[in-house]
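Please find one structure pasted underneath; my questions will follow.
Side chains are part of it too, since the values below use all heavy atoms of this structure and drop only hydrogens, waters and symmetry mates. Values in this document were obtained by computation on a predicted structure and should not be read as measured data.
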Amino acid sequence: MGAPPSTCGAIHRRATPWRLLPTAPEGHVVIVHPDVAKTGGPAAVRAARVVQRIRFEARANADARERFAPRYLTNTLRNVSAIVAGRDVRALANAYAGVPAIVAGAGPSLDRAMGDAGAWRDRALVIACDTAFRPLLHAGVTPHLVVGVDPGESNARHFQWLPALGDTWLVSESALDRRATRLFD
């Protein structure tokens, strides 16, 4: 189920280079050697664009941390009892080794694919993102795992008024809205 840890680490580092910058990326100055500026051509332009993107992502993430910090803290405190009673996600490591996985995300293809996922539930690990969870349940597909990471109140609506979920485990960050996590107590 997934790539080997070394590959995952490489993918993670490539996917989040903004983590290399502190919370004030605008304080960084990019210096380009004059020879590169003159002769760098398209490669220098691409490199400059990459640096711009990294700085933008660092700033956006710093802004999000500042804006959502109170919600993260409040939600985490509301989830303390569930966190203490819950299991560490590392318990899933190698739990499904050799088992095919179906990852269901919300989108136009979900309606067409739901019937297939139901047929595979006993032969594959079915993982739903929070926004695909309700449509899958209504189609008679009970995922083994549902993943929730958005701590917003509007996202918690995906978890409200659902049937008993005895066969589904929640994998989430600690700051998920309590209205979502309480279903899995």
Is there a continuous path of hydrophobic side-chain contacts, each under 4.5 Å between heavy atoms, that joins L176 to L162? yes

What one should report as the nearest heavy-atom pair of Y72 and P151 is CE2-CG, 2.9 Å

So salt bridge (charged side-chain N to carboxylate O under 4.0 Å, His left out) across residues 157-174, not counting sequence neighbours, yields none

Next item on the list: Could you check R178 against T181 for side chain to side chain donor-acceptor pair (under 3.5 Å), going step by step and ending with a plain yes or no?
Entry: CA-CA 5 Å; R178 183 68 182 135; T181 61; 2.9 Å; yes

Those residues at least two apart in sequence (or on a different chain) that pass side chain to side chain contact (heavy atoms under 4.5 Å, CB included) with V103 are I127

Closest non-hydrogen atoms of G105 and C129, given as atom of the first, atom of the second and distance, are CA-SG, 3.5 Å

Taken in chain and number order and not counting sequence neighbours, the residues that satisfy salt bridge (charged side-chain N to carboxylate O under 4.0 Å, His left out) with R87 are none

Residue set satisfying side chain to side chain contact (heavy atoms under 4.5 Å, CB included) with P100, at least two apart, ordered chain then number -> A124

Here the pair of heavy atoms bringing G148 nearest to D130 is CA-OD2, 3.9 Å

Check your understanding: So, do L137 and P143 sit near enough that their side-chain heavy atoms are less than 4.5 Å apart?
Key -> yes

Across all chains, not counting sequence neighbours, the side chain to side chain contact (heavy atoms under 4.5 Å, CB included) partners of I83 are T76, N79, S174

Query raised in the report: Hey, are the side chains of V146 and L136 touching, using non-hydrogen atoms and a 4.5 Å cut-off?
Result: no

| message | Once you measure the plane-to-plane angle for F184 and F159, does it fall in the parallel (<30°), tilted (30-60°) or perpendicular (>60°) bin? | response | perpendicular

inquiry  = Does any part of the side chain of N155, heavy atoms only, come nearer than 4.5 Å to the side chain of D177, both counted from C-beta?
reply    = no

**Message:** I'd like to know if F68 and V149 are part of one continuous hydrophobic network [Ile/Leu/Val/Met/Phe/Trp/Tyr, side-chain heavy atoms within less than 4.5 Å].
**Reply:** no

So the side-chain hydrogen bond (donor to acceptor under 3.5 Å, both in side chains) pairs with at least one residue in residues 132-150 (sequence neighbours excluded) are R121-H144

For A104 and A132, the nearest pair of non-hydrogen atoms, with its separation, is O-CB, 3.5 Å

